Structures are given as structure tokens and as C-alpha cells.
Amino acid sequence: MSETSTGFKREIKLFDAVMLVAGSMIGSGIFIVSADIGRSVGSAGYLLLVWALTGLMTLAGALSYGELTSLMPRAGGQYVYLRESYGPLVAFLYGWTLFLVIQSGTIAAVAVAFARFTGVLVPWFSEDNVLLDLGFLQFTSVQLLAIASIVLLTFVNQQGVRNGTIIQNIFGSTKIIALFALLGFGLLLGTNSDVIDLNFSNLWDAQNVVLDKTTGTVTRTTLSGWALMVGIGTAMIGSLFSSDAWNNIGFSGDEIVNPKRTIVLSMAIGTALVTILYVLINVVYLTILPLQGDPAGADVLSRGLQFASNDRVGTAVAEVIGGAPATIAIAILIMISTFGCNNGVILSAPRVYYAMAKDGLFFPNMAKLNKNGVPGAALTIQCVWASILCLSGRYSDLLDYVIFAVLLFYILTIAGIFILRRTMPDAPRPYKAIGYPVLPALYILMASFICIILLIYKPNYSWPGLILVGVGVPVFYFFGKRFRKIEN
């Protein structure tokens, strides 16, 4: 394989790239977040609409983002696009937030999800199994396995990008095949005509459903007009995060064979594939479980999709289809899904920290490649921080806080297409955003609408995210005074 001037090895081909896109997107969210979406919008039609809108928004983002990847197919991806569009401060704030919370927090959360579902097969891995109690910190067997999985995947990726892509190809293709199998078995064995009639007879009767956990009282409020738009906007938060990481392939621009073509194609194919899968999976959910239910119900059917135990819709559906054996099968599928998802996330992000360090904005060691042609120090530091987040137990809160910030950086990145067309009009663009300027503008409008909804109706999520980003400003000047740009 050829080697770039930076020392990276071009070993990621189109199939590898598609598996990185799809495999990084599919984690545990598709098996869980439909319960919360169901409570937010309260009808089958709007549940499916939320997933369809999420798919449309993701595809619009990917097809627009592709212009930037073909213009600058370099290690660092989104960081590089923001730097060229807005300058080093905005780019650093993105990389800072990515390291502090977005990517490392995702790694921790997905690793814990992997460990929790492993507990279905091996009960020893349980959050009730406390191995060390320090009073202020309890170290459980779930945290042990979560950290062990992060260390293992980091070690594999330290050995070279080819090792990481092999893992991704195996786990990515396996879980995609398994998801299609779940679709088939669900439609053949699990469909219930009474449930179908119940869910689809009132397709567009939107409701907001709130459970008072203290009293067990359920309040259902009819949604219409602006309240319905707010409900859809807030419901999309879970589905958007279940569909996130589609852009991570751009982080590895220097390691991709024919990157100007491969990155664009892989994002288009990967996001389209995941979008179709997600919508169809939710159709299966609605043919097996009644949408509305009773949180105090004695079985999965009476609890329904809205009140599936711990929001685990996937395992509830499996239980209806085939009882305990099917529940075990879905647990194995989620283990495969989360393990493969984490491999893709762990592989990708250190390329951003590498690019930041090359610009003199992060620790210089992160700008070095190891003997296998990968940013070994960046991988190690990411591993340590993600493991600490596993121990802290606060990573899920941090992820909630940066929902607004993540969308904000996506808006800025897509808007960068308009800026760079003006500032770099003659630069070669092997791929130009389809439907420009309409499609990029559509993404910006949809993401901006959700950000406005969050600012007004979810201040506990949006403002802390902004604060975390803002903390990066003094850090930017701190690093800028101490480190220098590293030339190739």
C-alpha cells in the first residue's frame, strides 16, 4: 500500500470505509431510543416520521459534507474543514469538545452498554457486582469489562489501521446481516394483527406522554401546531445520536485509497443503508409491540413500546418473538453492535488530535505516528480519558450536555461549503454537493431548528454544552502560547 507524505499508510478501501461509516453509526441506540421517541410523539406515524426525518437530515448532511472531504481529504477531517473555513479557534473548539466529551464520552457510553448486555450471558458482569467500594466511587464488574474492551480495541488499533479495519469489517458486516435477519424473523414470526390495527388505526394522533416516577401516574397531552413541532424536534435528539458518527470516515483522509472518491461514496452508501435499516426496524417494532402501554404492566405486551423495561425495545421485541432464546440472541447482537461501533469510534478520532497537535494546538506527542503508521500517543491518551469517564459514571450527562454543541459544529461545517466556494473558488472539487445550495441549506435549517428548540425547551442540555465549548477558548490560548506548529 502507498504511504502519504505524512507517514500514514493508505489501506482503507471502499468496503472498509462503508463498514466504518455504517458500523460506527449502528450502536445500541436503535434498540433503545424508540421508547423515548414514542413517549415524545405518541403515535406510530410520528414515530416513523421522526426516524425518516433523521435519515433525510443525515443523508443531506453526508451528501453536502462530501464536497469538503473531496476538497481536503486529509487526516483530521471536520477539524481541517472548520480551520480552513473559520480559522484555528473555531477548529480547536471543535477538537477540544470532541476529545473532552463527544468522542471519549461516546466510547465510554458504548463500552458500558457492551458490558451491560454481556451481563445477559454472563451474570457476573452486573452493576450490582461491586468489586471495589471507596465511598465516593464504586468500581463494578461492568466498569471493569467496559474499560477492558476499550483497552483491547485501542491495542488492536495501535498495531496499524489495517487491523482496525479488519475488526470493523467483521463486526460491521455481521451486525448488518443480523439486523436484516431480525427484520425477517420479526415480520415472519412476530407480527400481531391486533397490535398492527391498534398502532396504525390512529396513525397521526400525536401525544406527549409523561410518567411521574414517584406516583406512577401517566399524563398524556394531545399535540398539535407548534407543540407538535417541538415534540418532533426534541424526539429527534435520540434518533440523531443513533445516526451520528457518519462523518468519522473523514478523519482518516490520509489513510484512504482514492480518498476524493471513496469518502463521498462510503458516506452516501453507509448513511443510506443505516437509514433504511432504522426505519424498517421501527416498522417491525410497531408490528410486534403496542405503542402505548402501562408502565406497571405485568408483561412486555402490556408495557408496550413506550414503557419497555429500561427502554430496551429491542429485547422486548425479541422476548415476544421467541422468549428467552431470542432475548439472548438480541443481547449477542447488541454486544456485536456496540463492540464494532466502538472500534470505529476509537479508530477515527485520534486523527483529529493528530491534526490539532500538528498545528501546535495540542500535546506535541499526539502529532507522532508509531512504527505502524498510526497516531499511537493520541490513541493512548484517548483510551485513558475514556476509561476515566467509565469510572466517573458522568459520561452520559456529558453527552446530553453537548447535543447542542454537536449540532452547532455540524451547522458551521456545512455552512463552510458556502464560505469556501467564495474564498477558494478555483480549488479542485472532484465532488460538488448535490443540490447545492438547496440541500446544504436544508440541513442547516433543520439542524438550526432543533438547536432553537433545545435552547428554549431544553436549557439544561443546551447551555451546559455551550459552556463546555466556551471553556475551550482560554485553553486554546494556553496551548497556542506553549506549543508550536510541527512541519512534516
Side-chain angles (χ1 to χ4, degrees), residues 28-59 195-213 217-244 274-295 297 300-314 316-317 400 403-404 407 445-458 460-462:
S28 58
I30 184 58
F31 305 102
I32 297 171
V33 301
S34 288
D36 186 61
I37 296 171
R39 292 191 295 269
S40 297
V41 293
S43 79
Y46 284 111
L47 172 70
L48 295 176
L49 179 63
V50 164
W51 283 101
L53 286 174
T54 299
L56 172 64
M57 187 170 163
T58 303
L59 281 168
V195 169
I196 294 171
D197 289 342
L198 185 64
N199 285 337
F200 290 92
S201 60
N202 299 307
L203 204 58
W204 305 108
D205 290 347
Q207 294 180 337
N208 176 249
V209 181
V210 178
L211 170 65
D212 186 323
K213 294 183 179 179
T217 304
V218 176
T219 304
R220 301 181 185 273
T221 306
T222 300
L223 298 176
S224 62
W226 176 250
L228 176 58
M229 295 179 69
V230 171
I232 291 172
T234 54
M236 285 180 66
I237 298 305
S239 56
L240 280 169
F241 269 99
S242 298
S243 304
D244 199 19
V274 172
T275 295
I276 292 168
L277 264 174
Y278 280 2
V279 173
L280 291 178
I281 286 287
N282 278 277
V283 171
V284 169
Y285 289 166
L286 292 168
T287 64
I288 297 173
L289 286 179
L291 177 66
Q292 297 185 5
D294 179 0
V300 291
L301 285 174
S302 60
R303 287 193 294 271
L305 185 148
Q306 290 176 337
F307 298 109
S309 178
N310 295 313
D311 284 354
R312 292 196 295 248
V313 179
V317 167
D400 288 339
I403 290 173
F404 179 86
L407 290 173
L445 287 172
M446 292 178 72
S448 297
F449 172 76
I450 294 173
C451 284
I452 292 169
I453 293 296
L454 285 173
L455 281 171
I456 298 172
Y457 296 97
K458 297 283 186 179
N460 292 338
Y461 293 97
S462 52

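Treat the numbers as computed from the prediction; the structure is a model and nothing was measured. Atoms considered below: every heavy atom in the structure, side chains included; atoms not considered: hydrogens, waters and symmetry mates.
We find the CG-CG distance between Leu277 and Asn282 to be 11.0 Å, quoted to the nearest 0.5 Å. One finds the OG1 atom of Thr275 at 10.5 Å from the CG atom of Leu280 (value rounded to the nearest 0.5 Å). Atom CZ of Arg220 sits about 10.0 Å away from atom CG of Asn208, to the nearest 0.5 Å. Of the inter-residue distances, the one linking Phe241 atom CZ with Leu407 atom CG reads 6.5 Å to the nearest 0.5 angstrom. For the atom pair CG (Leu301) and CG (Asp294), the distance works out to 13.0 Å, reported to the nearest 0.5 Å.
Inter-residue side-chain proximity for Phe307 and Val209 is flagged as met; some heavy-atom pair is nearer than 4.5 Å. Between Trp51 and Ile37, some side-chain heavy-atom pair lies under the 4.5 Å cut-off.
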Atom pairs and distances, donor-acceptor, side-chain atoms in residues 447-458, under 3.5 Å, two or more places apart:
from	atom 1	to	atom 2	distance (Å)
Ser448	OG	Ile444	O	2.6
Tyr457	OH	Trp226	NE1	2.7

Got a list of side-chain donor-acceptor pairs under 3.5 Å for residues 283-292, not counting sequence neighbours?
from	atom 1	to	atom 2	distance (Å)
Tyr285	OH	Ile30	O	2.9
Thr287	OG1	Val284	O	2.8
Gln292	NE2	Gln207	OE1	3.2

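Of all heavy-atom pairs between Ser40 and Gly231, the closest is CB-O, 4.2 Å. Across all their heavy atoms, Val33 and Ser239 have their closest contact at CG2-N, 4.4 Å. Between Leu211 and Pro295, the shortest heavy-atom distance links the atoms CD1-CG, 3.7 Å.
No donor-acceptor pair closer than 3.5 Å links the side chain of Ser243 to the backbone N or O of Leu240. A donor-acceptor contact shorter than 3.5 Å links the side chain of Tyr278 to the backbone of Ser242.
We find that Asp311 and Arg39 are joined by a salt bridge, their nearest charged nitrogen and carboxylate oxygen being less than 4.0 Å apart.
Remark: of the listed residues Leu228, Asp205, Leu203, Leu53, Leu228 is the sole one forming a side chain to side chain contact (heavy atoms under 4.5 Å, CB included) with Tyr46.
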